[in-house]
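Notes to accompany the following structure.
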Amino acid sequence: MLLVTSAFAACSDKLDINTNPVQPVTTSSNLRLPGVLGNMAYHLYSHARFSVYHSYYFTNRLGSTRAIEDTWNYNSITRMGAWRWHYYDVGSNVNGLIERAIEEGSTNYLGVAKIMLAFSYLTATDSFGDMPFTEAYSGSYYPKYDTQETIYAGIANLLDEGVAALDQESNKSLVMNSASDLVYAGDLQKWKAFAFAVKSRMLLHTANFTNNYDAVISNVNIALSNFDDAMIKYPESSSDLWEKNLWGETAAQPEWQFADIKNISANSLPTDFLMNALTIDAVAGKYDPRLYALTTPGENKKYLGAKESEGLSDLNLPTGTTYKDFATLTGGFWTADKSPYPFILKEELYFIKAEAEFYKGNATAAFEAWKQGVKINFSRLGIADGESLNYLSSSKVPQDAGELKISDIMMQKWLALYLQSETWVDMRRYNYSATAYPGVYYPKNALKEWGGRNIQRFPYDPQTEYVYNPQEIARLGATARDWCFNPVWWAEKSTLK
Amino acid sequence: MRKFVLFSVAFGLSFPSESYSFTKKEGTLKSDNLTNVLLSSSAKSAIQNTVQGTVTDGKGPVSEVSVSVVGGNASTKTDAQGHFKITAAVGSKLRFSSVGYVTREVPVTSNLLNVTLVGDQQTLDEVVVTALGIERSKKNLTYSVQKVTGDDLRKSNQGNIVNALQGQVAGAQISSSGGSPGLPSEIILRGSTSLSGDNQPLMIIDGIRVSNASINGSVNRLADFNPDDIEDISILKGAAAAALYGIDAASGAIVITTKKGKAGVMQINAGYKAFVETMGRLPRQQNIYTTGTGGTYSQATTSSWGRKFRSDEAIYDNLERFFQTGVTHDAVFNVNGGADKFNYYMSGNYRNQGSMIPNTDNDKFSYLIKGTAKLLSNLELTASANYIKNNLKEGLVGGSSGGWINSILRYPLAYDILDYQYENGDPHYAYFETGKENEAIISPMWSVMNNPRFNNTERTVINGNLVYKPLNWINLNYRIGQDYFNQSYKYAVKPGTPGENYTGYISQSNGNYKNFTQMLNATFDRKFLEDFRTTLLLGGTEEYYEAKSIAQSGTGFLNPDLVSINNIDPTVLKTTESNPRRRRYALYGDFRLEYRNLLTLGITGRNDWTSTLSEENRQFFSPSYSGSFTYSELFENKNDWYGKLRVSYAKVGKDAPIYATNTNLIQNPGLGGGFIINSTGGNPYLKPERTTEFEIGTELRMLKNRLSVDFAYYNKKSIDQIITARVPLPTGYVIQTFNAGSLRNKGIEVSVSGSPVKKENFEWKSTVNAWKNNSKMLEFPGQITTFPYTNAQLSAGKAASVLGEPVLGIVGTDYKRTEEGYVIVGEDGLPVIESGETYIGNREPEFNIGWINNFRYKSFSLSFLWDFRFGGDILNASRQQMMSSGIAYDIGEWRDKEFVFDGVVEQADGSYVKNAKSVTLDYNYFVNNYAAVGTNFIEKVNWARLRYVTLSYNLPKAFTNRYKLGNVALEFSAQNPLIFTNYSGGDPEVNSAGPNAGGTGASTMGVDYGAIPLPKSYSFGINFTF
């Protein structure tokens, strides 16, 4: 008994061993920011991974009638990766960073954290629509889903707070440099410009029905005054799967959670819609020089385009056509292991401006912005100035403000933002209209049960939201098999359809 | 496996039974009253004598006792005065058997032999080991404990002790996760109590806790132990029986007692067995259509949705070709002996287990030494050490959901599965595109042969026990022990393997796991007022668990030939360290009051303190109340039968997983490094899970104890379940541990055993264990109504629990139906799929029966166990996957045929008319319609399975004596040789992800997701006793 009694005397201390001795609970801001930024690239990719099929850059090689990319049938997915990348991989790390930055008095990290949270929410809600915002991270397993309108207001607020924090630069702030800030190496002016760029992107989504193009223009002008491309740059060469662009040749899947968003571009083909956009003269075999930057040549050096959702199963393809007769989708400017992953590019800002000015009736300003966007895109892709001038003087594009059509803006933006999910936003704002996207057509293998409607959103994560939050899911109507065909708020309200 | 106990009897050494109450065996032969038999030096001379004597039972002579010479032909019976006369050699043995008495074998030492038989009644005084190793008379037990003897266990010839228990225990649901030596088996007593986490009972060997975890998806660690060392196993099924384990008792306990030395001349036992195993039942494939998608031929896919095979194309029966015949060798050796004050047991086992799966084997060695010394007349010390080496190599590697043979099941028959490698070792791709070799198609055999997984374990279990009896009614017992093992894991992918790891990959870990236990018990046992007896036990225990492991992984071998961490670019090498720890203290008491043999009341209480919960919640009290009433005592003829009623109620618990109360940061493996939040979030508010159980039962013995019946009914409720699961992402976490919900299990267990025939030369003993468990999900947290398990998910159907339904459910999609239940067919002629998921199946069997038979005819004995299962649904995910990839058998039968679905078509006015539209059953139908409906893959399964049949033969003494051998036994056995089932897939015993896999508990029982079917095996064994 003695032994037991003595053991109990010491027991209370000896029971306090439930903290993990080999993992920290908190760490300084500069060690938290890289994870936030790196994960943001994965978050953007998790949307783009599917949206490239919805916005018709890619189509499945085999035209398989069970692939989501062809059928738009999300009813059989196990998980929705993008949901996790926002709330956990970016959001949860941002929250940890915010908490620590406030403790430290690191207003620089605080500001960047808030801007990243805003950007992540914007990316997420544009694909999901209504989402938990006010009750997110509250510990509730069944938080209220806020309307997209509420979330947009919340994002605007986060951006304002972020900019305010950056303006408050204090001497208590930890150093932010290229080791911790993978995007701007600690340049806070650029972060502020980025905040305005996010805001411009957001305002554009609603400007048509809120009649708020002025705000778009003023914000985008502020952004452009100091803007530098926001991108995550991967190393030139690395054998680490974590250090590769997910669109790259390796189709990196560093861990199991990447299985849901596996890059299947090796088994995809460029659509005829993409090839048409990049063809200047089909008969002469003259292509937009960007084709050679965005893609790499196929084995047969041919540039066929595959019908959306049909791939090689399209009977109108020349007999004997194989994948070798198409451009290869990997290894291009945005699709190599070493490619940078864009958050927001400068040309997008010019196209935002062009679209806003276009609807304001300022044709000249619109045309100038449009031309800037195209030029920047050409030069980014490493195309010689001569070639870009040739292109700009070709019949493919308008020669003056008077000729500028909305389709010129939207198609050039679509090419400039190659593979970005933002172009799916644009397509939905225009409800896939042929006015904005000439030649767009409804894919054959989209299931009959969608009734000819276009895909409008992602489903919520079936493995968690449908399990824990059934009442909100039911209230939204998200249990319906065709839930993904209900437009999100800004698409529903859009006057551009 | 032979009863070498015989030898101590044979040499006539005896000891007082009180000091060996641990070893008192049911139905075995004891020398308790053999004081009249003395060993003489002439004992071994083989002169035939006329031996005579009297058989008594202590009260008077016994007539009609069969007397026969063991291994000989002579036999006779005692007369009315108990006299017998028989011709036998000095040194030979006589067997005395009679109904109602324990059979004895007595060596002939002279012409006179007086024998005392002990009534079978005495078997009621059978001692069973209960919680904390307390030995109790079964007679007065107040709760149900089922005992399995080591001999019964060994008849099944299973290397994994958990598998050997199949069918032997009413209420134990055992399922192996597949027919590979490296796959774990899971045992669940009285239904699963937790929706996630380990539902398996606590495992105790000789009083100390041992690990039964299956780490890295490898075999459950109880499989390390040598079945040959087991004396018996007590299964504490209910909360009352296990209540003294308190916070660890929610899933019951399995208490294993190993053999110990027996005083007497040294005995040596050596045996060898060889097993041959072949594949059992396999799913069927179609062999009509070749590779392709959407009905179009293409080589660039592993789908079998192409055109029909042409007559000039080879079709390979890949399933048949893949599996091979495995050979296993198993050698055992043990020695035991001792004298009055000291005895010892030593054993060794070497097992080299082959497999029907190529490049898969298991090499196991174990060595146990155990000794007991009586230091003083009232002080006894027992110490043991068990060293085990268990090395596993597995060619097939599954994921956290299972899927072991998916790649084999789906590999196109157009390619030869055995064609995977060139002679120089380079991969032979079945199809590839230049520059995209990493996406090539290759036979799954490539990975099996080149990328096996190694799990090597070295384990040492040490155990010391000191028993001090200062007074005859006080017993102090101190026990200290530790289960320590090192497990190293290595999985490497050879460069050239298509997929993620084309440039090579290695993942290895090395962990040391330690379970330390010390415990002090004081027992006071007094009789008073003649008819009363009280027993009080007070004690305390400390348990400490710690694991330390380092894991490394990296991609890209610098030099393609060297499989080593050293061959990975150091900048991409990932290293992680983990160090979980847990400590528990407990104080407990057990009070019992017995009134004659009529009434027994028991109260126990245990208070636990655990480190895994916050300071406010770390204490947990587990009480139990139980009583028994032996009503047969009220009758005149109470000696002819026995009847007892027992009732108990207990509350026990379960603590939280280690470190689940706070959130940690982990290293950011991505660009820029630093730290990111762990996907598993902490929960500081965790409380212990509670299980309360009411049990009522009866035990009956009649017909002079030739028939015994044990019946139990239980109703147990688990509250505040501790669940570790994927949680809504807006919490900021992916996984979290939380308290949630409650569920109920209730059921009945019946065990009937008897000796229908008991003659001198022929004996038949039979036991039927039958059980049924019904579970129900009573409550979920928040708004949850359906809770799917993450490791058992298909879009069409998944393992899940649904509010108000049985816990081990299946949810999935179904066809849209009218109110009357008719399937609604759309205008396109295809059945319409209903939105959302519903409850579509129950994975829990409706009824289970294990029927054990032991026959003995002269020197032959035959044992077999039939295992019957009625009902319980299987989610045949293997078939669903094979359906999607076009290789399922049904595709061959139905593809491209015209069909009119039996259903109704909705009309504009809301009425229905019978569908008459004929459709072609094409790719689109099978993949997007048939395979998308969960109910198409639910099968209610029955089976009748011969688990084992074992025939053994003891060579005649006359023969063995000639070669100076002791006892020589030959054995022929078959494991799983026969199964009758309505299941359409492979073997219906499925548990895809196995226990502990991804922390999912019982979640995959009844899910067939690429499960490796159980093999059939046949064995031959020989055993010598010297």
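To find a chain, count down the sequence lines: A is the first, B the second, and so on, and within it residues start at 1.
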Give a yes or no on this: more than 12 heavy atoms of other residues, nucleotides or ligands lie within 6.0 Å of atom [atom1] of [X].
X        : atom1 : result
B:Gln667 : CD    : no
B:Lys574 : NZ    : yes
B:Lys436 : NZ    : yes
A:Lys233 : NZ    : yes

Under a 4.5 Å heavy-atom cut-off, does chain A meet the side chain of [X], its backbone, both or neither?
X        : value
B:Thr503 : neither
B:Ile833 : both
B:Asn579 : both
B:Tyr502 : neither
B:Thr661 : both
B:Ala660 : backbone

State, yes or no, whether a side-chain contact exists between [X] and [Y] at a heavy-atom distance under 4.5 Å.
X        : Y        : value
A:Lys448 : B:Asp828 : no
B:Arg581 : A:Pro21  : yes
B:Val572 : A:Trp242 : no

Taking all atoms of both residues into account, what is the closest heavy-atom pair of [X] and [Y], and its distance?
X        : Y        : result
B:Ile658 : A:Asn18  : C-OD1, 4.0 Å
A:Tyr468 : B:Ala725 : OH-CB, 3.9 Å
B:Gln783 : A:Glu472 : OE1-N, 4.5 Å
A:Leu182 : B:Leu671 : CD1-O, 3.7 Å
A:Thr464 : B:Pro728 : CB-CA, 3.8 Å
B:Val727 : A:Tyr141 : CG1-OH, 3.6 Å

Give a yes or no on whether a salt bridge exists between B:Arg583 and A:Asp13, defined as a side-chain N under 4.0 angstrom from a carboxylate O. no
Any carboxylate oxygen within less than 4.0 angstrom of a Lys/Arg side-chain nitrogen, looking at B:Glu433 and A:Arg61? yes
Carefully, step by step, assess A:Gln23 and B:Tyr659 under the rule side chain to side chain donor-acceptor pair (under 3.5 Å). CA-CA 11 Å; A:Gln23 283 173 358; B:Tyr659 302 151; over 6 Å; no
Which answer fits [X], side chain, backbone, both or neither, if we ask what part of it has an atom under 4.5 Å from a heavy atom of chain B?
X        : result
A:Asn469 : both
A:Asn267 : side chain
A:Thr19  : both

Applying the side-chain contact (heavy atoms from CB on, under 4.5 Å) test to B:Leu729, which of A:Trp83, A:Tyr460, A:Trp85 qualifies? A:Trp83
